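Structure first, commentary second.
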Amino acid sequence: MLRIILLFPFSMVYKAITSFRNLLFDLKYFKETPINIQSIGVGNLTVGGTGKTPTVAYLIEKLSDKHLAVLSRGYGRKTSGFVEIKNTSTPKEVGDEPLMLYKKYQNKAKFFVCEKRVLGYRTILEKYPETETLLLDDVFQHRHIKPQKLILLCDYSRPFFEDYLLPSGNLREAKSGAKRASVVLVTKCPNNLSEEHRTHFKTQIDTYTKAQ
């Protein structure tokens, strides 16, 4: 709690910056590029693992008959720009998690990394115009591109609605950002989740996803 109190002023500065950026997108001063094929984005409000990679893996399994492409940022890689993942790719070139997904699902989808998602999307369609579906990993704050559906992940053990903005907490942006989600998926739930906890989560999530 002391950490939260001491860092709270910095969180307010961070909130002002991120909220102003989102406002510029909402007012159309910053351009959002819509994706004109079936597309699903996966992301979160919270720094750290919320289950993005397992969620993307699940979607690959369900959509693998749709000429599927998967686009990630490639966190941790030492390269930049657009890179198609191939058998010869290394973690330094494309990042650990995209390469792991490629090795498991290379027969079900094509995999790419690009920090500029609009460039990545356009390059994929130029190289593979037969692409029918695009999955975008870790894209919630990357508002320059607009998937048709956007899944927000919420870790059961550290839900966004009980967290604080960076640096006093782990939120990348204000909780109200959840309203951009098409659906909120609560991950890492215990097997014996009670109806009381289900109701609590639904009520709290609805508070932010329905905020205007």
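Computed over heavy atoms, backbone and side chain alike; hydrogens, waters and symmetry mates excluded. Note that the structure is a prediction, hence the values are computed from the model and not measured.
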*asked:* So, using ring-ring contact (aromatic ring centres under 6.0 Å, His included) as the criterion, who are the partners of Y164 when residues are at least two apart?
replied: none
*Calculate, to the nearest 0.5 Å, the distance between atoms CG and CD belonging to D206 and Q204 respectively.*
9.5 Å
_Suppose we screen for side chain to side chain donor-acceptor pair (under 3.5 Å). Which residues come up paired with S39, at least two apart in sequence or across chains?_
none
*asked:* Does D26 form a salt bridge (Lys or Arg N to Asp or Glu O under 4.0 Å) with R143? I'd like the steps, not just the answer.
replied: CA-CA 10 Å; D26 294 340; R143 294 193 60 183; 2.9 Å; yes
*In chain order, what residues pass the salt bridge (charged side-chain N to carboxylate O under 4.0 Å, His left out) check against R158, with sequence neighbours excluded?*
D155
*With hydrophobic residues grouped by side-chain heavy-atom distances under 4.5 Å, do I124 and V56 end up in a single group?*
no
*Take atom OH in Y75; do more than 12 heavy atoms of anything else shown fall under 6.0 Å from it?*
no
*For atom NZ of K146, is the number of surrounding heavy atoms from other residues, nucleotides or ligands below 6.0 Å larger than 12?*
no
*Could you give all pairs that pass the side-chain hydrogen bond (donor to acceptor under 3.5 Å, both in side chains) test and reach residues 58-72, with sequence neighbours left out?*
E61-Y105
*asked:* If I compare all heavy atoms of R77 with all of V83, which pair ends up nearest, and what's the gap?
replied: NH1-CG2, 3.6 Å
_Show every side-chain hydrogen bond (donor to acceptor under 3.5 Å, both in side chains) that has at least one partner inside residues 187-201, sequence neighbours left out._
S194-H197
*Keeping to residues at least two apart or across chains, list the ring-ring contact (aromatic ring centres under 6.0 Å, His included) pairs with something in residues 133-155.*
F25-H144
*Determine, for Y208 and K179, whether the Lys NZ or Arg CZ falls below 6.0 Å from the six-membered ring centre while staying within 45 degrees of the axis.*
no
*Give the C-alpha distance, both sets of side-chain angles, the deciding distance and a yes or no for salt bridge (Lys or Arg N to Asp or Glu O under 4.0 Å) between R172 and D163.*
CA-CA 10 Å; R172 297 174 172 183; D163 209 339; over 6 Å; no
*Assess the pair F112 and F82: is the distance between their ring centroids shorter than 6.0 Å?*
yes
